[in-house]
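Throughout, numbering of the chain's residues begins at 1 and tracks the sequence.
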Amino acid sequence: MLQIDKNGNILVNRGDTFEIPLLLKNVDDLFDTTPIAFKAKDIINLHITAPNMPWECPVIEKSITCEEDTTADKLKFTFEHKDTCKLFPETYFYEIKLQRQNEEADENPCDDYYKTLTGKRKFILM
């Protein structure tokens with residue numbers, strides 16, 4: 001079972017296999033409803049954390065690396081049974097961030113550009 005409410009909060013059963021669509025709109029313009037565009041090599045990171053834990057300490061971490069230029073409506077995070085089967089049923093929180101390589105810097109990942117695409121939202125595990 002997977003339910004996503006209008007605020008982006010997610011409700012799932014522990015141990016289920018499911019996909020979460022990336023329903024992100026252009027937030028720079030209030031009236032623009034087109035999905036966010038991503039470049040090739042962009043990495044979209046989803047971190048699920050326990051309450052009061054920082055982004056850097058996820059209980060589940062999922063990433064999508066864009067192979068080509070694409071839009072958010074074509075991307076999904078895939079969860080397998082093993083991702084949630086050992087977690088306690090409770091309310092967790094998730095955030096999605098974009099990681100884009102800095103093309104002017106050498107291959108140092110510390111020079112990458114990071115942008116938060118969603119604020120903390122609930123991930124309720126039943």
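Note: the hydrophobic cluster containing Ile4 also contains Ile36 (ILVMFWY, side chain heavy atoms under 4.5 Å, direct or indirect links). Hydrophobic clustering (ILVMFWY, side-chain heavy atoms < 4.5 Å, transitive): Phe79 and Ile43 are in distinct clusters. Hydrophobic clustering places Phe18 together with Ile60 (ILVMFWY residues linked when any side-chain heavy atoms are closer than 4.5 Å, directly or through intermediates). Under the 4.5 Å side-chain heavy-atom criterion for grouping Ile, Leu, Val, Met, Phe, Trp and Tyr, Phe123 is connected to Leu2 within one hydrophobic cluster. Note: the hydrophobic cluster containing Ile20 does not contain Phe93 (ILVMFWY, side chain heavy atoms under 4.5 Å, direct or indirect links).
The backbone N or O of Gly15 sits less than 3.5 Å from a side-chain atom of His81, completing a donor-acceptor pair. For the pair His47 (side chain) and Pro58 (backbone), a donor-acceptor distance under 3.5 Å is absent.
Distance check, rounded to the nearest 0.5 Å: CG of Leu46 to NZ of Lys97 gives 11.5 Å. Taking CD of Gln101 as the reference point, atom CG of Asp42 lies at 8.5 Å (rounded to 0.5 Å). The distance from the CD atom of Glu61 to the CG atom of Asp83 is 11.5 Å, given to the nearest 0.5 Å. Between the CD1 atom in Ile48 and the CZ atom in Phe77 there is a gap of 9.5 Å [rounded to 0.5 Å]. Separation of atoms CZ (Arg100) and CG (Asp112) is listed at 11.0 Å; rounding is to 0.5 Å. Separation of atoms OG1 (Thr49) and OH (Tyr92) is listed at 10.0 Å; rounding is to 0.5 Å.
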Decide yes or no on side chain to side chain contact (heavy atoms under 4.5 Å, CB included) for Met53 and Val59, but give the supporting numbers first.
CA-CA 10 Å; Met53 293 301 292; Val59 294; over 6 Å; no
Can you list the steps and then say if Leu11 with Met126 is a side chain to side chain contact (heavy atoms under 4.5 Å, CB included)?
CA-CA 7 Å; Leu11 174 70; Met126 296 182 57; 3.1 Å; yes
Any chance you could lay out the side chain to side chain contact (heavy atoms under 4.5 Å, CB included) test for Ile64 and Phe38, step after step, and finish with the verdict?
CA-CA 11 Å; Ile64 299 172; Phe38 297 110; over 6 Å; no
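Within 6.0 Å of NZ on Lys122 lie no more than 12 heavy atoms contributed by other residues, nucleotides or ligands.
Taking the side chain to side chain donor-acceptor pair (under 3.5 Å) definition, one finds that Thr118 meets it with nothing, sequence neighbours left out. Applying the side chain to side chain donor-acceptor pair (under 3.5 Å) criterion to Asp5, with sequence neighbours excluded, gives Asn9.
Heavy-atom minimum distance, Asp69 versus Ala40: OD1-N, 2.8 Å.
Judged as a salt bridge (Lys or Arg N to Asp or Glu O under 4.0 Å), the pairs with a partner in residues 9-22 (not counting sequence neighbours) are, in order, Glu19-Lys76.
Contact check for Pro35 versus Lys74: no side-chain heavy atoms found under the 4.5 Å cut-off.
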